[in-house]
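Start at 1 and go down the list; that is how both ligands and their atoms are numbered. Small disclaimer: the values here were computed from a predicted structure and weren't measured. Here, residue 1 is the first one in the sequence, and each next residue gets the next number.
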Amino acid sequence: MELPFAESFKIKMIEPIRRSTREEREQWIKEAKYNLFNLSSDKVFIDLLTDSGTGAMSDRQWSEMMLGDESYAGATSYFKMKNAIKNILGFEYFLPTHQGRAAENVLFSVLVKAGDMVPGNSHFDTTKGHIEFRKAKAIDCTIAEAFDTALDHPFKGNVDIEKLDSVIKNNTDKVTFIVVTVTCNSSGGQPVSMQNLRDIRNVADKYGKMVVFDAARFAENAYFIKMREEGYKDKTIKQIVAEMFSYADVMTMSAKKDAIVNMGGFIGMRTEKLFKQASVFNIMFEGYVTYGGMSGRDMNALAQGLDEGTEFETLETRIKQVEYLGARLEEFGIPFQRPVGGHAIFVDTKKVLTHVPKEQYIAQTLGVELYIEAGVRAVEIGTILADRDPETRENRYPALEFLRMAIPRRVYTNNHMDVVAVALKNVFDRREHITKGFNIVYEAPIMRHFTVELEKA
Ligand SMILES: *Cc1c(COP(=O)(O)O)cnc(C)c1O
């Protein structure tokens, strides 16, 4: 008999979590103005809000924390991080930042000006926020297949090369760079193929533009290339990663994802010129160039995390857990973005809550129901997140209304995944009776999803 798959780690430290009653949760979510971000985490049993900064560090990473050098300038920890970035990702220059959006803020302060256009696959919300904040436009060039959730396509994060070419051709002076998000968070944690990365590079070269990777989940992307793309099955993750980044001029990284740390980020660059330009903003917004918003111990843990996070066993354990949850949902007939992404399941909520009007925030409604059912916290990737059009101030209704259940790295067991699956099934079974969603009573002018307040419609 073939041995079943099992995790490539054992557990050395535990953190208690607590169940609650439905009555408690109904009260708590009401007090939280039906915004799951407003719940204190002790009111959550299984927290799938995000996989960002929520992973469990390894014993090696914790050991590195003790070796952190907290010198203001030129700490050994800075050089550990520099070497890891050079050796694994291939970037000669880098700037540490406190997290991914800070890297975007610093880099875009150099590269983006009012009136610019930034084409790419579906931009992550903070990326889009930093582009629109500078009165520039993010142009989504993701392949059409990504918007059909029922379709199985191995690389739904891919850029439509023809569309990209025509956007640049028609706006040559407005485009400085292309952003490629690997994996593409907004389209469901979907990977970009190596062939597509190569094609993007060719388009960029044709017009003399730069390619910037938004690289939060680059290692998961490499895992999918190994498993799905012709010619890569015998390559190591580190070899695949090296080739991927060979097609980029610059990268921004939220290290809270694939570098498996609780806080941290950086910008990787190839030229001294860009490094010097970005350093000005880094010093202003983040900190001196050898720590940029990170403590020495965190830089050490990040360097170690980059190494572990690009090991096949780490990625296999992680992605198989996401696939396990996907298989349970499939068994119950619950529709989600297919194939299963790297870090999360994206439930296709328009196919679940067919009676809730889109003006009442379908994905948010399912998120509240799931919380009330079992204390499971997921997040809306739908109309609330899509925000208003900066010009017309009208709600933007995205093609897809997702409820994202992101799985923290090395944190939960498959028993927890079973609870999540059954909780969602119970909501799914009573979907015909859910006819009303929510109205917004307060929203911020930009990135409203974090602080929005709602009432029952
Ligand atoms: C998380 C994330 C970011 C932003 O990073 P933070 O560390 O949360 O600031 C940017 N891009 C992508 C694709 C992400 O997933």
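Here the heavy atom of the protein found nearest to atom 1 (C) of ligand 1 is K257 NZ, 1.6 Å. Nearest protein heavy-atom contact of atom 11 (N) of ligand 1 is D214 OD2, 2.8 Å. The nearest protein atom to atom 8 (O) of ligand 1, hydrogens excluded, is given as R101 NH2, 2.9 Å; this is a heavy-atom distance. Summary of contacts: the protein heavy atom closest to atom 4 (C) of ligand 1 is T126 OG1, 3.5 Å. For atom 6 (P) of ligand 1, the nearest non-hydrogen atom of the protein is Q99 NE2, 3.3 Å.
Set against the non-hydrogen atoms of E104, the atoms of ligand 1 under 4.0 Å away are 10 (C), 11 (N). Taking a cut-off of under 4.0 Å to the non-hydrogen atoms of N185, the atoms of ligand 1 that pass are 15 (O). Near G100, the atoms of ligand 1 lying under 4.0 angstrom from a non-hydrogen atom of the residue are 5 (O), 6 (P), 7 (O), 9 (O). Taking every non-hydrogen atom of T181 and a distance limit under 4.0 Å, the qualifying atoms of ligand 1 come out as 13 (C). Near R217, meaning under 4.0 Å from any of its heavy atoms, are these atoms of ligand 1: 15 (O).
Proximity of the aromatic rings of F218 and F213 is defined here by a centroid distance below 6.0 angstrom, and this criterion is not met.
Taking distance alone, with nitrogen or oxygen atoms compared against 3.5 Å, S254 approaches ligand 1 more closely than that limit. At a 3.5 angstrom cut-off on N or O pairs, F124 does not count as close to ligand 1.
Of the heavy atoms in K256, only side-chain atoms (C-beta onward) come closer than 4.0 Å to ligand 1.
Classified by interplanar angle (parallel below 30°, tilted 30° to 60°, perpendicular above 60°), the ring pair F346/H343 is perpendicular. Ring geometry for F450 against F37 counts as perpendicular: the plane angle is over 60°, on a 0 to 90° scale with 30° as the lower cut.
With 3.5 Å as the limit, one finds no donor-acceptor pair spanning the side chains of H449 and D387. Inspection of the N414 and R328 side chains reveals no N or O donor paired with an N or O acceptor under 3.5 Å.
In this structure, the side chains of I225 and M244 come closer than 4.5 Å at one or more pairs of heavy atoms.
Under a 3.5 Å cut-off, the side chain of E311 and the backbone N or O of E308 do not form any donor-acceptor pair. When atom types are taken as modelled, the side chain of D69 and the backbone of T76 share a donor-acceptor pair closer than 3.5 angstrom. Side-chain N or O atoms of S58 include one that pairs as donor or acceptor with a backbone N or O of Q61 at under 3.5 Å.
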